[in-house]
Participant: 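Quick one: the structure is below, questions incoming.
Atoms within each ligand, like the ligands themselves, are counted from 1 in listed order.
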Amino acid sequence: MENESVKCLIIGSGPAGYTAAIYASRANLAPVLYEGLEPGGQLTTTTHIENFPGHPNGITGVQLMEDMKEQAVKYGADVRFGIATAVDFSKKPFRVTIDGRHSIEADSVIVATGATARYLGLESEQFYKGMGVSACATCDGFLYKGKNVAVVGGGDTACEEASYLAGICNKVYMIVRKDYLRASKAMQHKVLDTPNIEVLFGHNTKEVLGDEAGVNGVLLTDDAGQDKVIDVDGFFLAIGHHPNTELFRGQLTLDQAGYIVTEPGTAKTNIEGVFAAGDVQDPHYRQAVTAAGSGCKAALDCERYLMTLGEE
Ligand code: NDP
């Protein structure tokens, strides 16, 4: 196995990871950042972002992430393609294995591995994954131009995905299990005012239907126990996310939902020298701007920690 030693290792490449890299590189920590499975993170699967400060006309998630990466690289961050496959935080320096073969010794680690989309857990949903079932409207929406699709969920993500799909598709059904949308008022108004979005309140998905060509419908049941089938070619999940923390289980303290627990007001985990930033430690806000802010905090906490190491 190849070996390497670094001062500051950043795992993950969403707004948290890149912001940490910008701050750490400007502080001369020579950070090495591994981008992970989804370079740029979840924002690369969203559409137009209109609430990231400094972009009055909005910006695409992909562009925002490319800009953050460019800024990190400009100040000297070493951004690499690769996935952390094992970590050992039991002794210092910490040890992180990349792609199962490259071993890195790190004086400090910033975990910014984000979160991943949830699925309903139906067999039919798994069966038609990639054949009409998707958790990313911006990645796959164009496949359903002029067709009917369904989006499951009633949060901001579901509303955003439904709005995006409404611009491409003939009709969008939103399948919402409660009798209200959990999304922000602005997003609620947006979907309720879009003529080709129909919100099916009080409905649950029983089965995704299809044939060898892929999805062709969804079997729903309503609160009164009445079943009905809607004819759709695409079925999009937007029911939330789970944190990408499997790798750290048993080493970092996680909450009940699996999010990394940080010391309030800081990016510090239960292990001195290991910090967490972004959605991986934030079950509440989960915004690009809050993730970026926590990436900044992680880099500053890390810088202070490395200074204390130097003083020992
Ligand atoms: P949320 O947790 O806010 O919403 C999930 C939705 O999926 C809820 O309507 C929930 O229903 C529904 N749901 C969950 N499980 C199931 C299930 N098994 N079957 C059917 N429906 C289910 O997740 P989001 O991803 O929408 O948002 C996460 C966070 O990110 C939020 O804080 C949101 O505000 C934020 N966000 C902000 C954006 C922006 O500002 N531009 C864009 C996207 C997200 P129920 O309500 O019944 O629990």
Participant: Would you check the N or O atoms of N204, main chain and side chain alike, for any that come under 3.5 Å of an N or O of ligand 1?
Facilitator: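 N204 vs ligand 1: no N/O contact under 3.5 Å.
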Participant: If you measure from each non-hydrogen atom of A238 to ligand 1, which part falls under 4.0 Å: side chain, backbone, both or neither?
Facilitator: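 For A238, only backbone atoms sit under 4.0 Å from ligand 1.
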Participant: For atom 32 (O) of ligand 1, find the nearest protein heavy atom and state the residue, atom name and distance (0.1 Å precision).
Facilitator: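 So the nearest neighbour among protein heavy atoms is H284 O, 3.6 Å.
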Participant: Which residue holds the protein heavy atom closest to atom 23 (O) of ligand 1, what is that atom called, and what is the gap in Å?
Facilitator: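 Among all protein heavy atoms, the one nearest atom 23 (O) of ligand 1 is G240 CA, 3.8 Å.
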Participant: Can you confirm whether Y23 is buried at OH, in the sense that more than 12 heavy atoms of other residues, nucleotides or ligands lie under 6.0 Å from that atom?
Facilitator: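 Atom OH in Y23 is not crowded, with 12 or fewer foreign heavy atoms closer than 6.0 Å.
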Participant: Just need the protein heavy atom nearest to atom 33 (C) of ligand 1, so name the residue and atom and give the distance.
Facilitator: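 I find the closest protein heavy atom is D156 OD2, 3.4 Å.
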Participant: Using the ring centroid of each side chain, check whether F236 and Y164 are separated by less than 6.0 Å.
Facilitator: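 Ring-ring flag for F236/Y164: false, centres at least 6.0 Å apart.
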Participant: When you check the gap from the basic side-chain N to the acidic O, do K69 and E66 get nearer than 4.0 Å?
Facilitator: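 Not counted as a salt bridge, because no side-chain N and carboxylate O are separated by less than 4.0 Å.
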Participant: For M187, is the nearest heavy atom under 4.0 Å from an atom of ligand 1?
Facilitator: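 No, M187 has no heavy atoms under 4.0 Å from ligand 1.
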Participant: Going by the atom numbers of ligand 1, which of them fall below 4.0 Å from some non-hydrogen atom of K178?
Facilitator: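 Once the distances to K178 are compared, the set is 45 (P), 46 (O), 47 (O), 48 (O).
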Participant: Any idea which of T157, L43, L120 brings a heavy atom closest to atom 25 (O) of ligand 1?
Facilitator: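 Among T157, L43, L120, the closest heavy atom to atom 25 (O) of ligand 1 comes from T157.
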Participant: Nearest heavy atom to atom 42 (C) of ligand 1: which of H241, E160, R118 does it belong to?
Facilitator: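 Checking each option, the heavy atom nearest atom 42 (C) of ligand 1 is found in E160.
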Participant: Measuring from atom 47 (O) of ligand 1, which candidate in R177, M174, Q42, H203 has the nearest non-hydrogen atom?
Facilitator: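 Among R177, M174, Q42, H203, the closest heavy atom to atom 47 (O) of ligand 1 comes from R177.
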Participant: Going through the checks in order, is the side-chain contact (heavy atoms from CB on, under 4.5 Å) test met by L237 and V133?
Facilitator: CA-CA 8 Å; L237 280 309; V133 172; 3.7 Å; yes
Participant: Under the side chain to side chain donor-acceptor pair (under 3.5 Å) rule, what do T116 and N244 come out as? Steps first, then yes or no, please.
Facilitator: CA-CA 7 Å; T116 301; N244 298 322; 2.5 Å; yes
Participant: Is there any side-chain hydrogen bond (donor to acceptor under 3.5 Å, both in side chains) pair reaching into residues 174-193, and which pairs are they, with sequence neighbours excluded?
Facilitator: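 Pairs touching residues 174-193 that pass the test: D156-S184.
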Participant: Considering only non-hydrogen protein atoms, determine which one is nearest to atom 48 (O) of ligand 1 and report residue, atom name and distance to 0.1 Å.
Facilitator: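 Nearest protein contact, heavy atoms only, for atom 48 (O) of ligand 1 is R182 NH2, 2.5 Å.
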Participant: Do me a favour and list the nearest non-hydrogen protein atom to atom 39 (C) of ligand 1 with residue, atom name and distance?
Facilitator: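 Among all protein heavy atoms, the one nearest atom 39 (C) of ligand 1 is N51 ND2, 3.4 Å.
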Participant: I'd like to know if the side chain of D67 pairs up with that of Q71 as donor and acceptor (distance under 3.5 Å, no hydrogens or angles considered).
Facilitator: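 Q71 and D67 do not have a side-chain donor-acceptor pair below 3.5 Å.
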Participant: Side chains of E35 and Y18: donor-acceptor distance under 3.5 Å anywhere?
Facilitator: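 Yes, a side-chain donor-acceptor pair sits under 3.5 Å.
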Participant: Which protein heavy atom lies closest to atom 35 (C) of ligand 1, and at what distance to 0.1 Å?
Facilitator: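 Scanning the protein heavy atoms, the shortest distance from atom 35 (C) of ligand 1 goes to Q287 NE2, 3.2 Å.
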Participant: What residue and heavy atom of the protein are closest to atom 22 (C) of ligand 1, and at what distance?
Facilitator: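 Protein heavy atom with the smallest distance to atom 22 (C) of ligand 1: I239 CG2, 3.5 Å.
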Participant: For atom 31 (C) of ligand 1, what's the nearest protein heavy atom and its distance?
Facilitator: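 Protein heavy atom with the smallest distance to atom 31 (C) of ligand 1: R286 NH2, 4.4 Å.
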Participant: N/O of G154 under 3.5 Å from N/O of ligand 1, yes or no?
Facilitator: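 Yes; the residue has a nitrogen or oxygen that sits under 3.5 Å from a nitrogen or oxygen of the ligand.
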Participant: Identify each donor-acceptor pair in which a side-chain atom of residues 72-84 lies under 3.5 Å from a protein atom, sequence neighbours left out, and give them as a table.
Facilitator:
{"from": "Y75", "atom 1": "OH", "to": "R26", "atom 2": "NH1", "distance (Å)": "3.4"}
{"from": "D78", "atom 1": "OD1", "to": "R80", "atom 2": "NE", "distance (Å)": "3.3"}
{"from": "D78", "atom 1": "OD2", "to": "R80", "atom 2": "NE", "distance (Å)": "3.2"}
{"from": "D78", "atom 1": "OD2", "to": "R80", "atom 2": "NH2", "distance (Å)": "2.9"}
{"from": "R80", "atom 1": "NH1", "to": "E4", "atom 2": "OE1", "distance (Å)": "3.0"}
{"from": "R80", "atom 1": "NH1", "to": "Y34", "atom 2": "OH", "distance (Å)": "2.7"}
{"from": "R80", "atom 1": "NH2", "to": "E4", "atom 2": "OE2", "distance (Å)": "2.8"}

Participant: Is the count of non-hydrogen atoms from other residues, nucleotides or ligands lying under 6.0 Å from E70 atom CD greater than 12?
Facilitator: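 12 or below, so no.
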